[in-house]
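This report concerns only the one structure given below.
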Amino acid sequence: FSPTTTLFFSGVGTLLFLIITQNKLPSYLGSSFAFLAPIAAAKAGGDMSVALGGVVAVGVILAVIGLLVRQFGAGWIDSLLPPVVTGTIVMVIGFNLAGAAKNNMAAGPVVGVVTLAAIALIAAFSRGFLGRISIFAGLVVGYVYALITGDVKTDGISAAKWIAFPSFTSPTFDSSAIVLFLPVVLVLIAENVGHVKAVAAMTGKNLDDQMGNALMADGVATTLAGFGGGSGTTTYAENIGVMAATRVYSTAAYWIAGIGAVVLSICPKFGAVLSATPVGALGGVGTALFGMIGVLGARIWIEGRVNFADSTNLIIAASAAIIGISDMSWTSGKYTFNGIINATLVAVIGYQVLHRIAKSRGTSN
């Protein structure tokens with residue numbers, strides 16, 4: 001993606017989110033990691049416009065789900081996506097990207113190791129805000145090291161203008177590509193619901209009435225991004241950490257962040273700096289970030305107190321994890337079901353079917 005275009009829709013999406021949630025729910029909408037794998041798969045079979053069609057589809061579905069939650073409540077989400085299911089899906093999405101991290105590291109191993117080491121050391125030595133942005137700070141260290149050693153191509157930075165509007169790309173819709181994106185909907189639902197619950201716990205306010213608005217707002221923002229050439233958006237767990245550390249829950253901070261992102265997006269020079277990030281540094285970041293996403297799935301299991309003494313939970317999580325991480329895929333006609341889709345199907349459908357059987361037979365723990 002164009003960094004400036006993605007940043008533009010991140011900022012605009014944040015402002016829309018604040019408006020739709022009636023300025024009651026602080027959040028910044030960043031580019032979601034859940035889109036990475038399906039975008040890579042869709043782009044491999046066509047151009048980026050095909051992937052954008054998938055982003056739009058996710059946004060529309062999520063917005064519709066938001067409307068349903070506003071109408072009927074969010075209880076059915078907890079039934080459809082218990083922690084054993086959401087944790088498994090998140091874990092699969094993170095670890096499925098291990099190959100991408102490996103390839104990037106191989107393209108610049110020294111810069112990658114420096115970046116990864118910087119991330120680890122910053123996280124270990126720093127407290128508060130710097131520790132929470134250790135991924136970004138480590139990337140800066142790796143970038144600077146690569147710049148010093150001559151591994152950064154600066155021609156694009158020099159040629160870029162200071163002020164210009166982002167470039168926009170229209171989507172094209174291919175049903176076989178859209179199928180790849182369906183598991184992302186479940187991840188965005190889980191992230192948004194978790195975000196609302198976490199903010200409610202910190203502020204002591206009942207925000208259940210904003211659950212549907214949050215899902216709908218994220219869906220609208222993602223749809224808009226897909227129509228213009230940006231990545232799908234989501235509320236971010238990192239925001240929860242920053243709010244917990246600073247105890248600043250004012251939506252005013254997020255209005256400023258959203259406006260700031262839009263302002264930066266009209267500076268191609270800034271976008272060129274991002275685009276020039278050396279591949280090795282991306283490898284170091286990917287190693288840490290994709291691994292953290294995978295481990296976040298395990299954290300969801302722990303916080304949800306998933307009972308793995310229950311053999312049904314164990315077989316669902318274990319089977320889905322192997323299917324997704326090893327990318328077991330199959331093709332039917334023009335439709336290709338990759339490992340993430342198959343793992344999601346096993347986790348969601350398997351949980352519902354096997355638990356109903358276990359309960360009817362009295363074998364569930």
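Nearest heavy-atom pair, Ile135 versus Met292, reported as atom, atom and distance to 0.1 Å: CD1-SD, 3.8 Å. Taking all atoms of both residues into account, the shortest heavy-atom contact from Ala343 to Ala320 is CB-O, 3.2 Å. In plain terms, the two heavy atoms of Lys153 and Ala276 that are nearest each other are O-CB, 3.6 Å. Across all their heavy atoms, Thr312 and Ala358 have their closest contact at OG1-CB, 4.0 Å. Residues Gly138 and Ala118 share a closest heavy-atom pair of CA-CB, 3.9 Å. The two residues Thr14 and Ser27 come nearest to each other via the heavy atoms CG2-O, 3.5 Å.
The CD1 atom of Ile349 sits 11.5 Å away from the CD1 atom of Ile316 when rounded to the nearest 0.5 Å. Rounding to the nearest 0.5 Å places CG of Leu289 at 11.0 Å from CG of Leu282. Taking CZ of Phe165 as the start and OG of Ser265 as the end, the distance is 8.5 Å to the nearest 0.5 Å. Atom CZ of Phe8 sits about 9.5 Å away from atom CD1 of Ile266, to the nearest 0.5 Å. Atom OG1 of Thr287 is separated from atom CD1 of Ile119 by 8.5 Å, given to the nearest 0.5 angstrom. Rounded to the nearest 0.5 angstrom, Tyr249 OH and Leu25 CG are separated by 13.5 Å.
Criterion: ILVMFWY side-chain heavy atoms under 4.5 Å apart, direct or through other members. Under it, Phe17 and Leu224 are not part of a common hydrophobic cluster. Hydrophobic clustering (ILVMFWY, side-chain heavy atoms < 4.5 Å, transitive): Val185 and Leu345 are in one cluster. Under a hydrophobic-cluster definition in which Ile, Leu, Val, Met, Phe, Trp and Tyr are linked whenever side-chain heavy atoms come within less than 4.5 Å, directly or via other members, Leu264 and Leu15 are assigned to the same cluster. Hydrophobic clustering, with ILVMFWY side chains joined whenever heavy atoms are under 4.5 angstrom apart, groups Val306 together with Ile315. Under the 4.5 Å side-chain contact rule for hydrophobic residues, Phe290 and Ile323 do not share a cluster.
A donor-acceptor distance shorter than 3.5 angstrom exists from the side chain of Asn192 to the backbone of Leu188, with no hydrogens or angles considered. Judged by distance alone, with hydrogens and angles left aside, the side-chain atoms of Thr277 form a donor-acceptor pair with the main-chain N or O of Leu274 at under 3.5 Å. Formation of a donor-acceptor pair under 3.5 Å by the Asn96 side chain with backbone atoms of Gly324 is found in this model. The closest donor-acceptor contact from the side chain of Asn104 to the backbone of Ala281 lies at 3.5 Å or more, if one exists at all. A donor-acceptor contact shorter than 3.5 Å links the side chain of Ser360 to the backbone of Ile357. With Ser126 contributing its side chain and Ala123 its backbone, the two residues share no donor-acceptor pair below 3.5 Å. Side chain of Tyr143 to backbone of Val273: a donor-acceptor contact under 3.5 angstrom is found. Here the side chain of Gln352 pairs no donor or acceptor atom with the backbone of Ala347 at under 3.5 angstrom. Lys161 places no side-chain N or O within 3.5 Å of a backbone atom of Lys269 that could act as its donor or acceptor partner.
Within the 4.5 Å cutoff, side-chain heavy atoms of Phe35 are placed close to those of Thr222. At least one side-chain heavy atom of Ile189 sits less than 4.5 Å from a side-chain heavy atom of Leu215. Side-chain contact check for Val85 versus Pro82: some heavy-atom pair is nearer than 4.5 Å. The shortest distance between side-chain heavy atoms of Thr154 and Leu147 falls below 4.5 Å. Looking only at side-chain heavy atoms (C-beta outward), Trp255 and Asn23 come within less than 4.5 Å of each other. Between Val141 and Thr115, the closest side-chain pair of non-hydrogen atoms is not below 4.5 Å. Contact check for Lys24 versus Asp209: side-chain heavy atoms found under the 4.5 Å cut-off. With a 4.5 Å cut-off on side-chain heavy atoms, Thr86 and Leu186 do not count as touching.
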Requested in this report: Take Val220 and Ile20 through the test side chain to side chain contact (heavy atoms under 4.5 Å, CB included) and record every step on the way to the result.
Outcome: CA-CA 9 Å; Val220 170; Ile20 294 174; 4.3 Å; yes
Query raised in the report: Run the side chain to side chain donor-acceptor pair (under 3.5 Å) check on Asp310 and His355 step by step: do they pass?
Result: CA-CA 10 Å; Asp310 186 328; His355 269 276; 4.5 Å; no
Report task. Go through the steps for Tyr28 and Ser10 under the test side chain to side chain donor-acceptor pair (under 3.5 Å), then give the verdict. Result -> CA-CA 8 Å; Tyr28 183 87; Ser10 175; 2.7 Å; yes
Report task. Any chance you could lay out the side chain to side chain contact (heavy atoms under 4.5 Å, CB included) test for Phe181 and Ile39, step after step, and finish with the verdict? Result -> CA-CA 8 Å; Phe181 287 79; Ile39 284 173; 3.7 Å; yes
Query - Evaluation steps, side chain to side chain contact (heavy atoms under 4.5 Å, CB included), between Trp162 and Cys267 - result: CA-CA 5 Å; Trp162 281 102; Cys267 178; 4.0 Å; yes
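More than 12 heavy-atom neighbours from other residues, nucleotides or ligands sit within 6.0 angstrom of CZ on Phe168. Annotation: Lys102, atom NZ; neighbour count of heavy atoms from other residues, nucleotides and ligands within 6.0 Å does not exceed 12. Residue-environment remark: CZ (Phe173) exceeds the threshold of 12 foreign heavy atoms within 6.0 Å.
Judged as a side-chain hydrogen bond (donor to acceptor under 3.5 Å, both in side chains), and not counting sequence neighbours, the contacts of Ser2 are Thr4, Thr5.
With no hydrogens or angles considered, a side-chain donor-acceptor pair links Thr233 and Asp218 at under 3.5 Å.
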I'd like a table of donor-acceptor pairs (distance under 3.5 Å, sequence neighbours excluded) in which one partner is a side-chain atom from residues 61-71, with atom names and distances.
| residue | atom | partner | partner atom | Å |
| --- | --- | --- | --- | --- |
| Arg70 | NE | Asn213 | OD1 | 3.4 |
| Arg70 | NH1 | Asn213 | OD1 | 3.4 |

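Remark: aromatic rings of Phe308 and Trp301 are close, center separation under 6.0 Å.
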